[in-house]
Amino acid sequence: MSTDRYPFREIEAKWQRIWEERKQFQVTEDRTRPKFYCLEMFPYPSGRIHMGHVRNYAIGDVLARYKSMRGFNVLHPMGWDAFGLPAENAAIEHGVHPAIWTAENIAYMRAQLRQLGISYDWSREVNTSEPEYYRWEQLIFIKMLERGLAYRRRSTVNWCPSCQTVLANEQVEDGRCWRCDSEVVPRDIEGWFFKITAYAEELLAWCDRLPGWPERVMTMQKNWIGRSEGVEFDLPVAGRPGRRLRVFTTRPDTVFGMTYAVLAPEHPMVDELMADERERAAVAAFRAEVARQSEIERTAADRPKRGLRLSARVINPFTGQEIPLFIADYVLMGYGTGAIMAVPGEDQRDWDFARAHGLPIVETVRRPDGWTGEAYTGDGTKINSGFLDGLTVAEAKRKAIDWLVERGLGEPRVNYRLRDWGISRQRYWGAPIPVLYCDRCGMVPEKEENLPVVLPRDVQISGKGGSPLADVASFVNAACPRCGGRARRETDTMDTFVESSWYFLRYCSPRYEGGMFEPGAADYWMPVDQYIGGIEHAVLHLLYARFYTKVLRDLGLTKVDEPFVALLSQGMVIKDGAKMSKSKGNVVDPDDLIRTLGADTARLFTLFAAPPEKDLDWNDHGVEGCSRFLNRIWRFVVGHLDEIRDPAPPGLADRPGRPGVWPSTDPGRAFRRTIHETIVRVTEDIERDFHFNTAVSAIMELVNATYAFDQAAQDAMPAEERRALLREAIEIVLLLLGPFCPHITEELWAQLGHRESLFRQPWPEPDPAALVRSEITVVVQVDGKVRGRLTVDVDAPEEEVRRRALADRRVQAWVSADRVARVVVVPNRLVNIVTRR
RNA sequence: GCGAGAGUGGCGAAACUGGCAGACGCGCUGGACUUAGGAUCCAGUGGGCCGCAAGCCCUUGGGGGUUCGACUCCCCCCUCUCGCACCA
């Protein structure tokens, strides 16, 4: 460990205090300035922040401070996604109430974020577990209920035995719980759903209208929504007039290849088709066998497809032929109609099943490469397909659909993979669902004037089965809002993803009591201009927030169609090749880092080591290097204060970046060009791709150049010129580095004699005069290999550059005049002499 | 299997629309200042031939191609990461 560090501890504490006293980052709607809403995903108050948070918030803070210096009115809020399971688990393990545990964690983490010096408007802090917050989502729930966007039904859900609660499809990863990694089991249960499927089409359509989102995330969302276009039609059951089996297919062109049909084992029609008790028993056994498989076994890669042939047969309406009917585990009740026509020739799953059960395979698309050992799913000419023969796949699809529609046998249909969002959780620490069940009236929503339905404080949390709220008599027993009779409150709480689906709107007017948010404030600030967070929310949170925003729009509450204009998906922080985790023992604690090297160093490293969207490889030596760099700036400025402190040397302009002294010497002009080129580079790096790593390296280069200039300039120019340029260089370094390392730069800015905060300064503009070059180095290649360099006037005539290149001594060693085939001149860049070989 | 992204020194990484590959930082080597240096400053640092230097050759996962010129564009292959995973 090095000694001799700049006093980061004092200056970081000092400026955090001053910024807070000045309320420097508090903002209000100001219609005279363009707004910029910069948002990082708010954290769950788990206890302490980790390096991923540091990175996330450092990235956001660079942008917020930069945009502010650029003249934007920047909203940069922070809050807490405070409901959730860990609080309840802490209650079970340590007997501490979730509310207390959460409040303590928030207090600690808030202090940590303050120590990082992030420019939040803390006056807008939001805590989703407070009734003032969740009451509005209860109100919206009731409005969604009125519109059929919230509904209750019994269904087979994903049940996490460890969390003792239901999970949405989006919360199941690889058959396991997204939070605790336990294996998820199916369970039949009554619960509340949000009708996200009603917005499937719009959510999908907007995926192509959000250019500020990463392609990757949009692809994941599109796949998740999973639109597929096809046709639904009936297969008559043989020998049972009037009985029909409805199937869905995206390949109506292949109907002539249908050699059997399959029902999902749970399909309700199966029971009606039983011939006798023997078959009934066989079906029951098959169903039991399927049910015994876990989700994981069921989705394993090359699992054989199992099925049972039924005695009933169905008729292919196109051919009039009877074909066998099966139940099989590879057909899912939850998609389409839960029944399919099987076309083994053009579908690999059907192919596998047909092979295993000795069923015929018909080729209905001519295969370009002949009969391979698998299904063919490509395009081609229809064969063996009656009136479709000779058509392309697309033409045949259309014609087959027309044929079905004309006869009233089926109709076109779009299906989505997306399912409605199950929001009921059998947990305590969440927002109560504001409905009651009355003995007389049935399900009744709570009256709006009775909101919020406050989560009771006095609850026994055992972690054993069912909703803890069910045991709280004072909560459960209530009067029916409609008839005043005896009623029981809903004891499930809402999925915590509901709270995070609108918190960005609440930030616009966090203390507003007249509604979810104040319309004027939301109209001013929304949408979020830049959202920043981890890729793990690519589908979950980001899809829910998009959906919820559209619901609020349709309720007339907001005007925006989409909540987030642009999204930056930041990479993970890894160390020794693995994600930081306690179990791997590779965790770097932000507290330790802040204590030993300071917040500015911690921030700088997370910004410098990799571009934001890539994973960041933690390296203790690299952190040291960042600390060294800041020390280097500190030493230089403090060491030169006598020369460059205010009052400014005569002739120096007040505004940084404005020419004060015109350098009279070549080294002076060259250095000034370096200064202003750095402004250009840093600005472009921030604007273009948030490539903060290269922005930082450009600033490092300027600091290195300043050190070199300081030495070289001792005797090379008038002292005034040297001092003026040093002052200009340092001011530019501080201004450019400010958003990255706000404390040290603010302190040195003040030490230079400035009264006003660095973060009230405009972002420096490059001086065009300083950027002018008279000469430029041009590379000379022979046959594409660099053989020399030439210093020429900028925009020198091509002919002259060509002549001088050919005349170059080194070049001549490689080429004689008679062998030159061609000379390529790229102005101000290079000359390539191509020889006859 | 399908979809998306990536492969560059000892390491993290640069290289905008094809135009000096390896900026910046780490690490390493040498020097200066020092009682000392794990502080600081200065210099060097892709590999090879070579005592040094000049100079030359090679080098962006592999193989082909387009081009005066390819990390960048096209085709084939390999490896890795992430997402989806029987969605009909």
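Per chain, numbering begins at 1; letters A, B, ... match sequence-line order.
Remark: G5(B) base-pairs with C80(B); criterion is Watson-Crick or G-U wobble with both hydrogen-bond distances under 3.5 Å. Partner assigned to U45(B) is G27(B), using Watson-Crick or G-U wobble distances below 3.5 angstrom. Figure legend. A21(B) is base-paired to no nucleotide; pairs are counted as Watson-Crick or G-U wobble with both atom distances under 3.5 Å. The partner of A70(B) cannot be assigned: no Watson-Crick or G-U wobble pair with both contacts below 3.5 Å exists in any strand.
Toward the 5′ end of RNA chain B lies the nearest nucleotide of Gly625(A), the other residue of the pair Gly625(A) and Gly784(A) mapping further downstream. Toward the 5′ end of RNA chain B lies the nearest nucleotide of Asn223(A), the other residue of the pair Val824(A) and Asn223(A) mapping further downstream.
Residue Arg413(A) is out of contact with every strand shown, counting any heavy-atom pair closer than 4.0 Å.
Look at Arg810(A) and you won't find any side-chain N or O under 4.0 angstrom from OP1 or OP2 of A54(B). Between Arg635(A) and the phosphate of C41(B), there is a side-chain N or O to OP1/OP2 separation shorter than 4.0 Å. Proximity of Ser228(A) to the phosphate of A88(B): a side-chain N or O atom is located under 4.0 Å from OP1 or OP2. In this model, the phosphate group of G18(B) is not approached by any side-chain N or O of Arg829(A) to a distance below 4.0 Å at OP1 or OP2.
Separation of the Phe629(A) and Phe608(A) ring centroids does not fall under the 6.0 Å cut-off. Separation of the His357(A) and Phe326(A) ring centroids falls under the 6.0 Å cut-off.
Comparing A88(B), C42(B), A15(B) against the side chain of Arg688(A) picks out A15(B) as the nearest.
Taking the centre and axis of the six-membered ring of Tyr707(A), the NZ or CZ atom of Arg632(A) falls inside the cone set by 45° and 6.0 Å.
Atom P of G22(B) sits at a distance of 11 Å from the matching atom of U45(B), rounded to the whole Å.
For Leu607(A) and C26(B), the CG to P distance is 17 Å, given to the nearest whole Å.
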